[in-house]
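Before any comments, here is the structure.
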Amino acid sequence: MILIDGVQIVINSVYERSLREDIIEKVSFLLTCVKGTIPMNREIGLDPDIISAPAYIAQNLYTISAIELIEEFETRASVEEITFVESGGAGNMIPKVVLAYNGE
């Protein structure tokens with residue numbers, strides 16, 4: 001199971017602190033919401049089926065969804081890498097998303 005509330009986000013750039021914090025905050029919001037739960041914009045968030053899918057499927061679905069969400073809603077950053085860290089013995093995984101600043 002993927003734990004979306006524990007997502008780790010890193011920006012591989014040295015830019016103004018407030019800019020980095022703003023990007024990280026927005027991406028964190030995007031990647032910790034479940035699709036359909038935000039009034040007035042039901043397309044924001046991850047598909048809830050990702051959370052309960054088998055590990056190898058969940059990792060692929062999460063990676064695709066995360067990249068698409070960031071490309072659409074946070075154009076200042078792009079995804080460089082997504083890895084998964086195992087958490088606990090129950091097969092839980094925490095995504096680690098590494099971003100690059102696009103300069104936009």
Side-chain angles (χ1 to χ4, degrees):
M1 171 166 56
I2 291 183
L3 302 174
I4 63 171
D5 60 341
V7 66
Q8 300 172 7
I9 300 168
V10 177
I11 295 184
N12 275 348
S13 306
V14 183
Y15 287 96
E16 185 178 316
R17 182 178 178 177
S18 63
L19 174 66
R20 288 187 321 173
E21 288 174 355
D22 184 46
I23 292 171
I24 288 173
E25 183 178 320
K26 188 169 181 183
V27 171
S28 179
F29 172 76
L30 291 171
L31 298 181
T32 57
C33 289
V34 176
K35 186 179 272 190
T37 60
I38 305 298
M40 306 300 282
N41 197 344
R42 302 283 183 195
E43 293 303 309
I44 291 179
L46 297 167
D47 187 340
D49 294 336
I50 293 172
I51 298 168
S52 60
Y56 64 97
I57 295 173
Q59 288 178 354
N60 290 330
L61 291 174
Y62 182 90
T63 300
I64 292 167
S65 295
I67 291 170
E68 289 175 348
L69 277 171
I70 292 168
E71 283 179 356
E72 183 174 352
F73 295 106
E74 182 51 89
T75 58
R76 297 175 293 179
S78 60
V79 176
E80 280 193 354
E81 176 184 35
I82 297 178
T83 57
F84 297 88
V85 179
E86 289 192 32
S87 173
N92 295 336
M93 296 174 291
I94 298 175
K96 179 178 179 181
V97 180
V98 179
L99 304 172
Y101 177 63
N102 288 336
E104 295 178 12

- Message: Testing the basics here: between Lys35 and Arg42, what is the closest heavy-atom pair and its distance to 0.1 Å?
- Response: CG-O, 3.2 Å
- Task: Measure the CG-CD distance between Leu30 and Glu25 for me, rounded to the nearest 0.5 Å.
- Result: 11.0 Å
- Query: If two hydrophobic side chains count as joined below 4.5 Å and joins carry through other members, does Leu99 share a cluster with Ile64?
  - Reply: no
- Item | Greater than 12 external heavy atoms within 6.0 Å of Glu86's CD | no
- Note on the structure: In terms of heavy-atom contacts, Thr83 and Glu81 come closest through CG2-OE2, 3.5 Å
- Task: List the atom of Ile50, the atom of Ser65, and the distance in Å for their closest heavy-atom pair.
- Result: CD1-OG, 3.5 Å
- Enter the distance from Asn60:CG to Ile82:CD1 here, rounded to the nearest 0.5 Å. 10.5 Å
- Query: Shortest non-hydrogen contact from Ala53 to Ala58?
  - Reply: O-CB, 3.8 Å
- Item | Minimum-distance pair of heavy atoms, taken over all atoms of Cys33 and Ile38 | SG-CD1, 3.9 Å
- Message: How long is the straight-line distance from CG of Asp47 back to CG of Leu61, given to the nearest 0.5 Å?
- Response: 7.5 Å
- Minimum heavy-atom distance between Leu46 and Ala66, given as atom pair plus value: CD2-N, 4.3 Å
- Item | Residue among Leu19, Ile70, Val27 satisfying side chain to side chain contact (heavy atoms under 4.5 Å, CB included) with Arg76 | Leu19
